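Values in this document were obtained by computation on a predicted structure and should not be read as measured data.
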Amino acid sequence: MHIQELAVLRQNGSLLTTHWNSDLPHISCHFTTKYSNTGKIFACKHLNQHEGLFTRFVLQGIRDWKIISSAAPGLKFRALSSSSSSSPPSAENTESPETLSRYSDRPWEYLESEEYIERYGAKPVWANYRRNHKGGVPPQQTRKTCIRGDKICGNPCPICRDPNIIVHYKNVNLLQQFISPQTGIVHDPTRTGVCMKQQKLLNKAIETARDCGLLAVQLPHVDYSKEDYSNTHGAVAPTPAPVSLRSGELWYSWYGSIKPDERELARVKRIYKDYLKPDV
Amino acid sequence: MAAFSFTKYFLRSYFCFKCVDHVQTRLQTTTRMFCVSASRSSFQDAPKAQFTDTEVQDLLTRITGLDLQKVFRPIRQQLTPPKYKLMTDTELEEAVCKAEEQAKHLLKMPPVLPERKPVNDVLSEDQMLEGMDTAKYVFTDINFNVPHRERFIVVREPSGTLRKATWNERDRLIQVYFPKEGRKITPPPIFKEENLRVVFEQDRHEDVLNQCIVQFEPDSAEFKNVLMLTYEDIEKHGKYDLLRSTRFFGGLAWHLVNGRRVDGLLVDMLQRDLMQDAVRLVRLFNLVHPQSESAQQAQRQQATDLDLLKIYAQYESNRAGFIELAVQTYEQTKAMSSF
């Protein structure tokens with residue numbers, strides 16, 4: 001293995017692969033990245049169908065590593081045939097496939113397109129997906145994510161394998177496929193096979209769609225018989241003005257009726273004799 | 001009130017006279033005056049039927065109808081295995097009666113209340129607390145056995161004033177401490193204009209109304225606004241049947257009757273051959289607007305049933321022709337079937 005070409009990551013985040021060997025057909029690409037101790041030089045292994053190419057990427061810094069990982073989160077190097085019209089030219093490999101997909105602005109249109117119908121028919125997108133696992137009982141949680149950086153796993157989940165399927169709250173037909181038509185509960189990922197990251201996105205999108213009224217919600221019945229709507233209590237109505245005393249009236253009604261003990265009164269008067277007013 | 005106290009004064013002055021004939025004639029004159037003044041005031045003040053009157057409620061429930069298939073249509077819920085029962089005819093009838101009672105309970109109309117007055121009460125102003133903090137402090141009484149409308153919620157502003165919380169703040173905080181199922185702390189975006197438009201295009205007015213009654217209190221401004229928008233949209237497109245046999249039909253009918261826009265609904269009822277419902281609607285109109293032409297004519301002629309419809313069509317309606325034609329065809333078919 002020897003260093004054949006140099007890829008330079010520009011400040012703006014785009015990856016310049018100027019010395020790319022275009023003779024080799026890009027049939028299947030497998031990217032792995034290793035983070036080195038210095039934090040500046042990264043080793044990238046590019047495996048081709050015929051031979052392994054060791055490509056060294058010289059990067060500007062840790063900042064750029066972050067850019068590279070965000071610029072290619074959904075780099076979906078799936079099996080592209082060179083004759084396929086949807087295979088983007090190599091210059092576009094630098095952009096993420098979310099922008100590559102023709103339906104990124106209006107993801108709901110894909111579900112009416114011919115390629116969707118040809119691929120899935122009337123069944124939900126997860127109908128023909130089968131998880132690969134050991135033993136009869138599958139792990140109770142699907143994988144965390146299908147795509148890590150530039151790498152896509154083997155047997156990606158039904159949403160990740162098709163870049164045109166975008167989880168969006170307005171994409172109601174897609175969201176409906178992941179909700180049970182009888183109970184209205186979102187299907188468990190062990191049933192549909194989606195990875196946990198996409199499941200979280202799905203849950204969020206379904207919640208937003210229900211909030212905006214695009215999906216039906218089952219609400220409890222509201223009973224109005226037990227509440228009083230007169231709004232007369234002081235908590236919600238203006239506080240009544242304090243009762244002003246008429247002359248001779250006492251503040252508490254029991255002031256006049258309770259009489260003090262005579263001996264106690266005399267004793268207290270004797271103790272505080274110096275402080276009492278002269279007429280008392 | 002003034003008339004009453006007037007008569008009371010007069011009565012007291014009578015018994016001082018101790019002359020029976022004088023008293024009797026005086027009493028008669030005063031009572032006669034009282035009656036005359038009362039009837040005059042009734043026409044001017046218009047003892048309008050309120051939403052809570054028994055007669056109005058009865059009419060509205062009858063107009064709403066009771067379609068068991070629609071009320072008990074399958075909803076999305078946790079499924080249980082179905083149960084099969086073998087019943088005799090009487091048991092089946094009893095079961096249907098029970099279902100009807102349950103349906104009546106489900107079709108109870110949400111109340112139509114006047115809008116709640118804003119709470120602007122300042123309890124104290126303490127200048128020495130000014131600038132103590134940059135945030136408001138809200139103190140809520142979270143005793144469990146206090147009704148929510150009697151719960152004290154006060155706010156201490158950064159300027160030092162202690163005031164009672166506004167209605168919006170009250171609703172939010174009560175939802176925080178005593179959460180109700182289905183209600184969100186901030187109103188969901190479905191109640192925005194553009195989302196409402198989308199939902200109305202899909203004919204899902206009932207869902208919007210369900211969301212509305214779960215989210216808002218019945219005397220709040222937002223509740224009334226959403227209800228008004230929904231009713232307006234229904235009336236604009238004539239989609240009255242969407243709400244028939246739901247708990248919102250009474251509110252819709254009440255809104256239209258108060259706005260004197262009964263024609264659309266009346267025509268829709270006649271098209272569906274709901275003659276009795278049409279008659280009840282006109283009766284409701286006469287109750288709510290007693291000084292209108294049709295109400296007065298009906299009062300004079302003591303009209304019943306189809307005559308009410310004819311009087312209404314004659315005096316008040318814009319679609320007089322259609323209503324009269326429908327009434328005529330109904331009478332003819334009735335006459336034909338009776339032969």
Side-chain angles (χ1 to χ4, degrees), chain A residues 106-109 111-112 124 168-188 191 203-243, chain B residues 74-79 105-106 108-111 113-114 116-123 141 146-154 164-167 170 180-184 186-192 194-196 198-200 202 204 207-215 217-219 247:
Chain A
R106 287 173 304 277
W108 46 90
E109 284 181 7
L111 270 83
E112 274 118 41
H168 188 74
Y169 75 96
K170 288 193 183 172
N171 201 350
V172 180
N173 292 330
L174 176 71
L175 298 179
Q176 285 281 15
Q177 292 176 6
F178 292 91
I179 303 176
S180 167
Q182 288 84 27
T183 54
I185 303 171
V186 183
H187 283 312
D188 208 58
R191 179 155 176 201
N203 288 340
K204 269 202 84 174
I206 289 174
E207 199 192 311
T208 332
R210 281 180 178 157
D211 279 344
C212 291
L214 301 166
L215 284 175
V217 195
Q218 201 52 43
L219 292 161
H221 182 258
V222 179
D223 191 20
Y224 285 108
S225 52
K226 287 170 195 140
E227 273 232 40
D228 167 41
Y229 295 103
S230 59
N231 289 349
T232 47
H233 194 259
V236 294
T239 328
V243 174
Chain B
I75 53 169
R76 287 152 162 240
Q77 60 185 7
Q78 200 61 37
L79 293 179
H105 174 73
L106 286 175
K108 278 261 159 63
M109 290 180 266
L113 301 162
R116 55 194 181 186
K117 298 195 192 86
V119 181
N120 295 327
D121 219 10
V122 172
L123 296 172
D141 172 21
V146 172
H148 290 318
R149 303 235 160 193
E150 294 179 19
R151 209 172 272 288
F152 277 98
I153 301 179
V154 294
K164 288 184 188 164
T166 56
W167 280 112
R170 283 188 70 89
K180 258 195 185 169
E181 198 190 332
R183 197 180 271 206
K184 308 243 160 60
T186 40
I190 189 177
F191 299 117
K192 296 211 178 96
E194 53 274 6
N195 291 326
L196 271 182
V198 167
V199 178
F200 289 156
Q202 293 175 359
R204 284 173 43 211
D207 294 341
V208 171
L209 290 170
N210 275 325
Q211 280 262 19
C212 181
I213 54 173
V214 162
Q215 179 66 33
E217 294 285 312
D219 50 358
R247 67 193 304 203

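With a 4.5 angstrom heavy-atom cutoff, A/Gln182 touches chain B via backbone and side-chain atoms both. With a 4.5 Å cut-off on non-hydrogen atoms, B/Ile213 touches chain A through its backbone and its side chain both. With a 4.5 angstrom heavy-atom cutoff, B/Glu194 does not touch chain A via any of its atoms. The part of B/Gln77 that comes within reach of chain A is its backbone (N, CA, C, O), which places non-hydrogen atoms under 4.5 angstrom from that chain. At a 4.5 Å heavy-atom cutoff, B/Lys192 makes no contact with chain A through either its backbone or its side chain. Contacts between B/Val214 and chain A at a heavy-atom distance below 4.5 Å involve backbone atoms as well as side-chain atoms. Contacts between B/Lys108 and chain A at a heavy-atom distance below 4.5 Å are absent for every atom of the residue. Of the two parts of B/Ile153, neither the backbone nor the side chain holds a non-hydrogen atom closer than 4.5 Å to a non-hydrogen atom of chain A. With a threshold of 4.5 angstrom between heavy atoms, B/Pro110 approaches chain A through its backbone and through its side chain. Interface residue A/Leu214: backbone and side-chain heavy atoms are both found under 4.5 Å from chain B.
Highest contact tally toward chain B, considering only A/Thr232, A/Thr183, A/Asp223, is held by A/Thr183 [criterion: heavy-atom pairs under 4.5 Å]. Interface check for chain A: of the options B/Met109, B/His105, B/Arg247, the most heavy-atom pairs under 4.5 Å are formed by B/Arg247.
Nearest heavy-atom pair, B/Gln211 versus B/Pro188, reported as atom, atom and distance to 0.1 Å: OE1-CG, 4.2 Å. For B/Phe191 against B/Val208, the heavy-atom pair with the smallest separation is CE2-O, 4.2 Å.
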Apply side chain to side chain contact (heavy atoms under 4.5 Å, CB included) to A/Asn173 and A/Glu112, showing your working.
CA-CA 10 Å; A/Asn173 292 330; A/Glu112 274 118 41; 3.8 Å; yes

Quick one: do A/Leu111 and A/Gln177 satisfy side chain to side chain contact (heavy atoms under 4.5 Å, CB included)? Show the steps, please.
CA-CA 11 Å; A/Leu111 270 83; A/Gln177 292 176 6; 4.0 Å; yes

Might you work through the side chain to side chain contact (heavy atoms under 4.5 Å, CB included) test for B/Lys164 and B/Leu123, ending with a clear yes or no?
CA-CA 7 Å; B/Lys164 288 184 188 164; B/Leu123 296 172; 4.1 Å; yes

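By the side-chain contact (heavy atoms from CB on, under 4.5 Å) test, A/Asn231 pairs with A/Val236, B/Arg116, B/Arg149, B/Trp167, B/Asp219, sequence neighbours left out. B/His148 is linked by a ring pair (Phe, Tyr, Trp, His ring centres under 6.0 Å) to B/Phe178, counting only residues two or more places apart in sequence or in another chain.
Inter-residue side-chain proximity for A/Trp108 and A/Lys170 is flagged as met; some heavy-atom pair is nearer than 4.5 Å.
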